[in-house]
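Everything below concerns the one structure shown next.
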2 protein chains.
Amino acid sequence: MDEVLDASEDFLTAQELHGVLKEKGHGVGLATVYRTLQGLADDGAVDVLRMGGGEAAYRRCSAETHHHHLVCRSCGAAIEVAGPAVERWTQRVADEYGYIDVAHTVEIFGTCPRCA
Amino acid sequence: MDEVLDASEDFLTAQELHGVLKEKGHGVGLATVYRTLQGLADDGAVDVLRMGGGEAAYRRCSAETHHHHLVCRSCGAAIEVAGPAVERWTQRVADEYGYIDVAHTVEIFGTCPRCA
DNA sequence: TTATCTGCAAACATTTTGCAGCGAG
DNA sequence: CTCGCTGCAAAATGTTTGCAGATAA
């Protein structure tokens with residue numbers, strides 16, 4: 001299953017991944033896809049993106065460091081972007097209000113040049 | 001139902017809101033809660049926050065302008081924060097890669113002083 | 001009456017879990 | 001044999017929808 005994830009530049013939902021695998025002949029079960037993805041996500045091996053309908057999309061990321069994504073809302077293509085300024089800003093805001101153990105989610109959605 | 005939303009400083013899920021209303025004696029149906037919240041969200045009258053499990057939390061926000069939230073992951077209390085720098089940063093990143101029609105999600109999660 | 005709103009229950013979609021079987025070590 | 005991984009099917013979760021009755025104009 002990993003090969004498909006590696007080969008894709010885009011975010012894939014569990015169900016899309018399952019569909020791709022079935023097309024390729026693999027008799028893979030949906031449960032296994034979910035289980036594997038959950039494991040990979042726990043290990044930080046893939047990035048998780050929660051879409052509107054409560055479904056999750058996964059993508060194997062090249063960068064090992066913390067980063068965010070510029071995602072095409074039409075085709076799902078994702079560019080990894082680093083934002084040091086944003087990291088500092090979130091930390092500063094949290095400090096200001098005494099919040100600790102801070103995490104943040106930052107995603108940028110748009111329409112990519114090819115889909116425009 | 002609006003009164004409960006107005007009175008709450010925290011993000012509430014549809015189910016939490018439904019529970020509060022039932023406790024108060026209102027025989028409100030869960031479906032009505034969802035329908036009302038969806039309407040309010042469409043009108044931009046409430047801010048929507050998508051939590052981990054694919055569930056959505058809602059909050060009536062005072063600020064009319066675009067803003068983000070510093071949310072306590074323990075009690076749900078939310079502080080509205082403006083981040084002009086982040087807005088500029090997202091736009092700049094999107095421009096750089098030719099993405100158009102750009103939107104973004106920025107949420108900061110942490111543990112608030114009272115819950116720490 | 002006509003249109004809107006409500007509650008209930010059923011439908012839906014996504015994800016998780018229980019369980020039995022299979023294969024590697 | 002034992003352990004872990006797999007698939008299937010059932011359950012759990014959160015949300016949406018169809019429908020009939022109540023309410024208001």
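Letters A, B, ... mirror the listed sequences (proteins, then strands); counts begin at 1. All values below were derived from every heavy atom in this structure, side-chain atoms included, with hydrogens, water molecules and symmetry-related copies excluded.
Between B/T65 and B/H67, the shortest heavy-atom contact is O-ND1, 2.8 Å. Closest approach of A/V102 to A/A94, counting heavy atoms only: CG2-CB, 3.3 Å.
Side-chain contact of B/Q38 with B/D42: a donor-acceptor pair under 3.5 Å is absent, judged by distance alone.
Taking atom CE of A/M51 as the reference point, atom C1' of C/dA13 lies 15 Å away to the nearest angstrom. Distance, B/H18 NE2 to C/dG7 P: 8 Å, rounded to whole Å. Taking atom CG of B/L49 as the reference point, atom C1' of D/dG14 lies 15 Å away to the nearest angstrom. Distance A/L12 CG to C/dT14 P: 15 Å, rounded to the nearest Å. In this structure, A/L37 places its CG atom 13 Å from C1' of C/dT14, rounding to the nearest Å. Rounded to a whole Å, the CG atom of B/L17 is 15 Å from the P atom of D/dG14.
By the side chain to side chain donor-acceptor pair (under 3.5 Å) test, B/E87 is found to be paired with B/H66, B/H68, B/H104, residues two or more places apart in sequence or in another chain being considered.
Between the CZ atom in A/R50 and the OG1 atom in A/T13 there is a gap of 12.5 Å [rounded to 0.5 Å].
For A/Y34 and C/dT15, the shortest distance from a side-chain N or O to OP1 or OP2 is below 4.0 Å. OP1 or OP2 of C/dT16 sits under 4.0 Å from a side-chain N or O of A/Q38.
No close placement of the A/H18 and A/Y34 rings is indicated, their centers lying 6.0 Å or farther apart.
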Between the protein and nucleotides 7-13 of chain D, which nitrogen or oxygen pairs come in under 3.5 angstrom?
residue, atom, partner, partner atom, Å
D/dG7, OP1, A/G27, O, 2.6
D/dG7, OP1, A/G29, N, 3.4
D/dG7, OP2, A/G29, N, 3.0
D/dG7, OP2, A/T32, OG1, 2.4
D/dG7, N7, A/R35, NH2, 3.0
D/dG7, O6, A/R35, NH2, 3.0

